[in-house]
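For reference, the structure is listed below as structure tokens.
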Amino acid sequence: MNAPDLNAPDRLPDAGHADISIVASTPDVARQVAEILRRCFTSTEQRSFPVDPHGGTRLQLTVDTTRTAEPARTWLESSAEKDRPRTEG
């Protein structure tokens, strides 16, 4: 019998969504990373928790990969176009 995966989530996010956990040495660093993600994807309100007495922070948010934020849309769409097979016409 296999041991349970302690890193597995209790539930999976809805289709098209990703749960993200950012662990950083300070809350400011975690917020900076979350801000970049929010520029690319719509997201839920972030939740943060202390991870140690020295200021470490765990920040959690859920992003919706089906709805990109406007500034990143052009880059994401052009990236996806490169991955599509070309058709001769």
Side-chain angles (χ1 to χ4, degrees):
M1 183 166 122
N2 292 335
D5 182 358
L6 299 178
N7 293 319
D10 293 340
R11 63 161 189 82
L12 292 175
D14 294 335
H17 292 74
D19 288 337
I20 298 173
S21 179
I22 302 164
V23 179
S25 59
T26 67
D28 287 337
V29 170
R31 281 192 293 269
Q32 288 175 350
V33 173
E35 181 61 32
I36 296 298
L37 290 169
R38 281 194 296 275
R39 289 182 186 176
C40 296
F41 304 102
T42 58
S43 67
T44 61
E45 191 66 30
Q46 65 193 33
R47 301 164 313 276
S48 60
F49 310 91
V51 293
D52 66 21
H54 306 289
T57 298
R58 182 183 60 181
L59 187 144
Q60 293 179 288
L61 70 154
T62 300
V63 297
D64 181 349
T65 65
T66 66
R67 297 180 355 167
T68 57
E70 289 303 318
R73 184 176 303 275
T74 302
W75 175 83
L76 288 170
E77 288 175 350
S78 65
S79 178
E81 288 173 3
K82 290 178 189 173
D83 294 338
R84 288 188 207 127
R86 293 186 180 188
T87 57
E88 306 263 339

Could you pull out the closest heavy-atom pair between Pro27 and Gly55, with the gap in Å? CD-O, 3.6 Å
Is Val33 linked to Ile20 within one hydrophobic cluster, defined over Ile, Leu, Val, Met, Phe, Trp and Tyr using a side-chain heavy-atom separation of less than 4.5 Å? yes
Going from CG on Leu61 to CZ on Arg47, what distance comes out if it is rounded to the nearest 0.5 angstrom? 7.5 Å
Output yes when a side-chain donor or acceptor of Thr65 lies under 3.5 Å from a complementary backbone atom of Gly16, and no otherwise. yes
Tell me the side chain to side chain donor-acceptor pair (under 3.5 Å) pairs involving residues 24-33, sequence neighbours left out? Asp28-Arg31
Please name the pair of heavy atoms, one in Ala24 and one in Ala30, separated by the smallest distance, quoted to 0.1 Å. CB-N, 3.7 Å
side-chain contact (heavy atoms from CB on, under 4.5 Å) assessment of Leu37 paired with Ile22: CA-CA 11 Å; Leu37 290 169; Ile22 302 164; 4.2 Å; yes
State whether the side chain of Thr44 and the backbone N or O of Thr62 hold a donor-acceptor pair below 3.5 Å, judged by distance alone. yes
Side chains of Asp64 and Asp14 in contact at under 4.5 Å (non-hydrogen atoms): no
